[in-house]
Amino acid sequence: MDDQNKNLILATALSFLVILGWFFIFPPEDVAVDPNASSPSVAQTDGSAVLPPATTAPTSIATPAMVAETRATALAENTRLKIETPRLNGSISLTGGRLDDLSLTTYRETLDAESDNVTLLSPVGTDNAYYALYGWAPSGTLTYEQVPGANTQWTLAQGDTLAPNAPVTLTWDNGAGLLFSRTFTVDENFMFTVTQKVENASGTAQRIQPYGIVARHGEPEIEGFFIAHEGVVVMADGVLSEIDYDDMPELPNVAREAANAEVSEVGANGWIGFADKYWMTTLIPDGATPFTSVVKYVPSADIYQTEARLQPVDIAAGASAEVTTRLFAGAKEWEEIKSYEANGVYNFIDSIDWGWFFFLTKPIFAVLHWLNTIIGNMGWSIIALTLLIKALLFPLAYKSYVSMAKMKELQPRMEKIKEKAGDDRQKLQQEMMELYKKEKVNPAAGCLPILLQIPIFFSLYKVIFNTIELRHAPWIGWIRDLSAPDPSSILNLFGALPYATPEPGSIFFIFSLGVLPIILGVSMWLQQKLNPAPTDATQAMIFAWMPWVFMFMLGSFASGLVIYWIANNIITFIQQYSIMRSQGYKPDIFGNIKSGFQRKKAAESDKK
């Protein structure tokens with residue numbers, strides 16, 4: 001490798017380290033929210049979601065709800081209808097007909113088999129309340145008291161427990177000739193269907209607007225890491241929009257919405273809701289139905305809210321009307337999301353955060369998922385994926401390593417050119433280029449595989465960090481969660497000593513090196529020893545430290561990513577060694593290791 005080639009590799013590696021280090025040391029800051037800020041709103045007696053505006057909507061100051069002592073207390077305050085499916089457990093409150101109690105029975109909070117199931121939705125009165133609410137906005141002479149809202153007391157008309165193939169229906173009579181009904185159905189996974197119907201026996205035509213709301217009280221606990229979007233997701237006519245929680249208070253104040261809001265019209269094919277790292281609650285109107293998407297933050301009540309407002313409905317006297325909306329509430333499983341997309345939810349796969357390199361992350365995960373269906377273990381599937389990636393890049397790698405081997409053969413001639421040219425840099429470059437052209441050698445060829453590995457690395461990092469299929473996925477032995485860092489630590493001799501080690505998230509965790517990061521550092525170091533150290537002292541020092549810097553930097557990354565990097569290093573070592581041998585150049589690995597130690601001893605002697 002000539003000096004330009006080494007400088008390019010060095011610059012690439014250092015840039016990579018700077019990016020990793022910056023986001024590790026300086027994570028994005030949380031935006032402070034003023035809980036005392038006020039904004040006019042349609043108040044609810046329990047401090048719940050702000051209702052969509054009507055032409056004659058009253059306004060007042062919304063106030064935060066009081067937090068109950070326990071979740072059980074809040075659940076017991078209202079009459080409830082059970083939800084029981086193979087993957088969900090919870091209830092619907094007959095007050096408001098709200099879906100506000102939901103747990104995921106196939107997911108636990110921690111690796112402990114006795115830990116609680118993941119709680120997705122929680123009722124008003126609990127800390128960080130989170131729920132879905134449906135209703136009708138009044139128009140004309142109707143008032144909010146004459147249409148169902150957040151505090152309407154519904155009556156159970158059909159069914160006793162919501163389950164697959166067992167719908168339930170709630171009814172409410174407004175006493176003025178309008179009979180409202182709401183039917184819930186649920187599949188065996190995470191999709192609810194809500195059908196709202198109104199029968200007009202009032203003797204006069206009525207006009208009302210159906211809506212759905214997903215609301216969160218207070219900013220939820222999030223990881224807040226730059227690589228994962230947590231907040232609002234909106235699909236509007238094929239365009240995906242994402243708004244972080246901490247950006248919602250910065251939305252412009254819209255007087256009609258009585259909140260800081262963003263309002264847009266969707267012609268067809270859209271959905272809106274909240275997506276966390278692994279979970280999501282999303283309103284999905286019918287694909288052919290135009291609707292208004294609303295993202296809002298109510299400062300006075302500290303409520304984060306998304307809405308899907310359907311087109312107003314005109315109901316003649318003696319007639320009826322109904323609208324149907326789906327609600328996804330569950331885990332962002334690739335296979336299930338894809339099946340819902342196949343059944344009419346437009347571009348639903350984009351609800352998973354694929355990032356800027358979506359053109360890489362999507363196929364990478366699809367292949368990883370396919371390998372896992374065959375192998376049955378995500379750790380080994382990552383290694384198999386690495387083999388496939390290296391196989392695809394092998395033609396380029398072959399040319400690169402052949403070029404590097406030829407560069408080794410040309411090294412004596414290059415040294416003579418340098419001696420001959422002296423300080424004449426222009427003459428040196430001209431003669432070097434003539435030599436490269438004559439021998440058909442590309443000095444930059446060695447950098448191409450490295451440059452290609454960077455977007456692949458970040459794409460795989462995105463996949464491993466964001467996709468739920470890696471959450472709590474075991475590999476071997478002590479690696480029980482591929483989405484988490486290696487839990488072993490050199491600080492207690494990998495469990496031999498009875499000492500606690502720093503937890504992930506602690507600034508001292510970077511020193512708690514596990515087995516995998518150490519193997520990573522050694523594999524990078526051995527890969528370097530295929531070639532002699534650079535003659536430039538500064539370059540040699542930086543290259544010597546690079547494997548150990550990467551070892552510490554990647555030690556706090558997900559185990560799955562470290563496994564990929566180790567496998568990539570080992571395969572690259574084998575490929576490079578074999579190709580160099582096939583070109584007549586025998587890498588002196590042990591000699592390079594020995595010379596490295598000799599230079600170190602010589603440097604120490606010079607200091608003395």
Side-chain angles (χ1 to χ4, degrees), residues 44-49 65-109 115-135 148-172 180-196 212-218 220 273-274 276 279-284 303 305 325-331:
Q44 299 301 304
T45 58
D46 62 355
S48 61
M66 298 297 292
V67 176
E69 290 185 21
T70 65
R71 179 182 177 84
T73 302
L75 292 173
E77 289 179 352
N78 302 308
T79 304
R80 295 191 161 270
L81 175 68
K82 285 186 178 181
I83 300 172
E84 291 183 359
T85 81
R87 309 195 65 184
L88 298 173
N89 185 33
S91 62
I92 297 172
S93 172
L94 294 189
T95 300
R98 303 183 224 189
L99 182 56
D100 62 357
D101 170 32
L102 202 63
S103 298
L104 311 182
T105 59
T106 54
Y107 291 97
R108 296 191 178 276
E109 294 286 354
S115 66
D116 294 335
N117 291 125
V118 170
T119 298
L120 183 62
L121 303 181
S122 297
V124 173
T126 59
D127 192 19
N128 295 120
Y130 185 17
Y131 51 90
L133 173 68
Y134 291 85
N151 301 310
T152 300
Q153 295 299 317
W154 291 80
T155 300
L156 180 60
Q158 175 188 348
D160 53 6
T161 298
L162 177 59
N165 302 314
V168 295
T169 299
L170 311 180
T171 59
W172 179 70
F180 295 88
S181 65
R182 185 174 300 165
T183 300
F184 292 88
T185 63
V186 64
D187 66 11
E188 294 185 350
N189 291 297
F190 308 119
M191 188 69 79
F192 293 84
T193 300
V194 182
T195 301
Q196 298 190 88
I213 291 174
V214 175
R216 307 193 79 152
H217 290 211
F274 291 105
D276 297 327
W279 329 111
M280 182 169 63
T281 307
T282 312
L283 298 162
I284 309 169
I303 293 177
Q305 189 165 313
T325 304
R326 283 185 282 181
L327 174 75
F328 177 92

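Basis for what follows: all heavy atoms, side chains included, without hydrogens, waters or symmetry-related copies.
- The shortest heavy-atom contact between Gly96 and Leu133 is O-CD1, 3.6 Å.
- The distance from the CD1 atom of Ile83 to the OG atom of Ser103 is 10.0 Å, given to the nearest 0.5 Å.
- The nearest pair of heavy atoms linking Ala329 to Leu120 is C-CD2, 3.6 Å.
- For the atom pair CD1 of Ile92 and CH2 of Trp154, the computed distance is 11.5 Å after rounding to the nearest 0.5 Å.
- In this view, Tyr130 satisfies the ring pair (Phe, Tyr, Trp, His ring centres under 6.0 Å) rule with no residue, not counting sequence neighbours.
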Q: Could you walk me through whether Asp276 and Arg216 pass the salt bridge (Lys or Arg N to Asp or Glu O under 4.0 Å) test, one step at a time?
A: CA-CA 12 Å; Asp276 297 327; Arg216 307 193 79 152; 3.1 Å; yes
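- Nearest heavy-atom pair across Arg98 and Asn151 is NH2-OD1, 3.7 Å.
- The closest side-chain donor-acceptor pair between Thr169 and Thr183 falls under 3.5 angstrom.
- Centroid-to-centroid, the aromatic rings of Trp279 and Tyr107 come within less than 6.0 Å.
- Formation of a donor-acceptor pair under 3.5 Å by the Arg182 side chain with backbone atoms of Gln196 is not found in this model.
- Between Val168 and Asp160 the shortest heavy-atom distance is CG1-N, 4.2 Å.
- If you take OG1 on Thr85 and CG on Leu102, they are separated by 8.0 Å, rounding to the nearest 0.5 Å.
- Checked options Ile284, Leu283, Thr282; the residue passing with Leu327 is Leu283 (criterion: side-chain contact (heavy atoms from CB on, under 4.5 Å)).
- In this structure, the ring pair (Phe, Tyr, Trp, His ring centres under 6.0 Å) partners of Trp172, at least two apart in sequence or on a different chain, are Phe180.
- For the pair Asp101 and Arg71, the salt-bridge criterion is met [side-chain N within less than 4.0 Å of a carboxylate O].
- Of all the heavy atoms in Leu162 and Pro167, the pair that sits closest is CD1-CA, 4.2 Å.
- With sequence neighbours excluded, the residues that form a side chain to side chain contact (heavy atoms under 4.5 Å, CB included) with Asn89 are Glu84, Thr105.
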Please tabulate, for the side chains in residues 188-195, all donor-acceptor contacts under 3.5 angstrom to protein atoms that are two or more places apart in sequence or on a different chain.
unit_1, atom_1, unit_2, atom_2, d
Asn189, OD1, Arg87, NH1, 3.3
Asn189, ND2, Glu336, OE1, 3.1
Thr195, OG1, Thr324, OG1, 3.2

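- The two residues Arg80 and Asn78 come nearest to each other via the heavy atoms CG-O, 3.4 Å.
- Atom-to-atom distance recorded for Asn128:CG and Leu121:CG is 12.5 Å, nearest 0.5 angstrom.
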Q: Step by step, work out the side-chain contact (heavy atoms from CB on, under 4.5 Å) result for Val214 and Gln305.
A: CA-CA 6 Å; Val214 175; Gln305 189 165 313; over 6 Å; no
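- Every residue two or more places apart in sequence or in another chain was checked for a ring pair (Phe, Tyr, Trp, His ring centres under 6.0 Å) with Phe184, and none qualifies.
- Considering only residues two or more places apart in sequence or on other chains, Ala129 meets the side chain to side chain contact (heavy atoms under 4.5 Å, CB included) condition with Thr126, Tyr131, His217.
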